[in-house]
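Reviewing the structure listed below.
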Amino acid sequence: MKKRIILLAVLIMTLHFYVVHSQNRTELKLPDIAGYKTLKCDFHMHTVFSDGQVWPSVRADEAWRLGLDAIAITDHIEYIPLSEDIKIRYNRSYEIAKKRGDQLNLIVIPGAEITRDMPPGHINAIFLKDADKLKLDSWNDAIKEAKAQGAFIFYNHPGWKYQQPDGIPRWYPEHEEMYKNGMLNGVEVVNMGNYYPLVQKWYKEKKITLMSNSDVHEPAGTGYETYKQERKSFTIVFAKERTLEAIRDALDNQRTVAYWNNHLAGDAKYLYDIFINSLNYDKAPIELKGKETKYIQIKNNSDISYELTVVKIPENIEVPEKITLEAGKTTLFSVRSKVEDIDQAKEITASYVIENLYSEPGKGMPVDLKFNVKFLSKKKN
Ligand SMILES: [Zn+2]
Ligand SMILES: [Zn+2]
């Protein structure tokens, strides 16, 4: 009897141990597009090796749970409040996170944040070879060193109110100089869920990569209200494969889109491909007898809810003025004929704007929905 009780106690303890240590990964569902894999990456975060509140391996676990494919650890070079407590070596946080990332099949990229007053403000360098060598007096020399190491360099939070009290991002001569010399390859259009529409203009004017990053300092999940918001900022990367090299290739070729809080910002061609490849619906012609209403059932397989507003109503047809294609759900899209006595087969175009997909600074993306209608006269039939 005693033996049984002991066995039972051991079993309960084992189960308890198992439950405590199991983790779940939840990925934000998005379709692969144009022959590329759609990867979710966060290229900006902190650990106790600068002013973050967590040990580097914890960042890898958090990222895995949040369904990310890759992260870059980017501790500050010049701001290390915990240097009394932790022996600072600039490559160390990456090494620790990388070891845990390897166990989780999570790609971990070495990086650092060159932390200066504006201009040039805070600049991240990722794909570094040796972060220790960035500890230099002049920011210019630090950027040059990062470039010499083959880093991908980007301008962080250009509208951060601490450095830009009016919240307006500015492209200073210092940035222009870096950019001209191939030392500024990207810019955060979103940081910590804050979107800077102006930055999207820079993307249009220059060949520069758009990024969206968490810049997380606290443990993930404590700074945000809900689980959904936890995934609030990451960069969607269209990579040839799920490797470090392929992510770098995508960044070098501007194949990214910013994601935050049910929004996307970036090139219309990528936004459109994501949108259209998220949907499934029957494309067979819709027969409308007289002023009949029918429904197209649109299934949205992605985890983004698309908010549509009509801009041009097609002739002889009534379609919804506003409709949300809810994430992971099927929505009824109504089509009503406004005419009684026509016999005609026709391709109809309904023009909408997707309010939460920004192909232009702060502006929703236009999209044409096409469907085939067969009007049948009520009199004849
Ligand atoms: Zn910063
Ligand atoms: Zn930062």
Side-chain angles (χ1 to χ4, degrees), residues 41-56 58-60 62-63 66 68 70-83 86 88 90-94 96-97 108-128 131 134-136 139 142-143 146 151-172 174-175 178 183-196 198-199 202 209-220 222-224 230 232-235 251 258 260:
C41 311
D42 186 352
F43 299 110
H44 187 169
M45 61 182 65
H46 297 273
T47 77
V48 288
F49 282 81
S50 63
D51 59 345
Q53 293 168 16
V54 307
W55 191 250
V58 175
R59 288 287 179 233
E62 290 172 345
L66 290 170
L68 299 183
I71 57 170
I73 302 287
T74 55
D75 280 311
H76 297 285
I77 296 287
E78 292 85 0
Y79 182 60
I80 307 167
L82 295 175
S83 55
I86 287 174
I88 296 300
Y90 292 105
N91 299 305
R92 190 64 189 136
S93 50
Y94 159 72
I96 297 166
V108 181
I109 301 164
E113 183 164 9
I114 299 162
T115 309
R116 303 294 172 126
D117 291 338
M118 189 69 83
H122 295 190
I123 305 287
N124 268 9
I126 57 174
F127 297 91
L128 278 174
L134 299 190
K135 180 109 187 81
L136 297 164
W139 64 262
I143 304 275
F152 181 91
I153 302 166
F154 60 95
Y155 181 2
N156 297 344
H157 44 70
W160 182 36
K161 292 207 167 155
Y162 186 78
Q163 289 191 327
Q164 297 288 13
D166 58 7
I168 296 173
R170 288 178 178 80
W171 187 266
Y172 290 94
E174 286 80 352
H175 299 117
M178 284 164 67
M183 295 182 192
L184 195 53
N185 316 113
V187 59
E188 283 182 339
V189 68
V190 176
N191 173 284
M192 274 188 197
N194 297 306
Y195 167 58
Y196 310 117
L198 257 185
V199 169
W202 302 347
T209 303
L210 287 180
M211 313 185 84
S212 170
N213 297 314
S214 73
D215 198 358
V216 65
H217 285 68
E218 65 273 37
T222 55
Y224 311 128
E230 220 174 71
K232 68 182 184 180
S233 305
F234 53 74
T235 308
L251 291 181
W260 78 105

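Since the model is a prediction, treat every value here as computed from it, not as a measurement. Both backbone and side-chain heavy atoms feed into the values below; hydrogens, waters and symmetry mates do not. Every number for a ligand or one of its atoms is a count from 1 in the order of the listing.
Residues W160 and H122 form a side-chain contact, since some pair of their non-hydrogen atoms from C-beta on lies under 4.5 Å apart.
In this pair, W260 and Y195 present their aromatic rings parallel. The plane angle is below 30°, not in the 30 to 60° band.
Y90 meets the ring-ring contact (aromatic ring centres under 6.0 Å, His included) test with no other residue; sequence neighbours excluded. When the ring-ring contact (aromatic ring centres under 6.0 Å, His included) test is applied to Y196, no partner is found at least two apart in sequence or on another chain. In terms of the ring-ring contact (aromatic ring centres under 6.0 Å, His included) criterion, residue partners of H44 (sequence neighbours excluded) are, by chain and number, H46.
Here 4 is the count of protein N, O or S atoms positioned under 2.8 Å from the Zn ion (ligand 2), waters not counted.
A pairwise comparison of heavy atoms in F43 and T74 identifies O-CG2, 3.5 Å as the closest pair.
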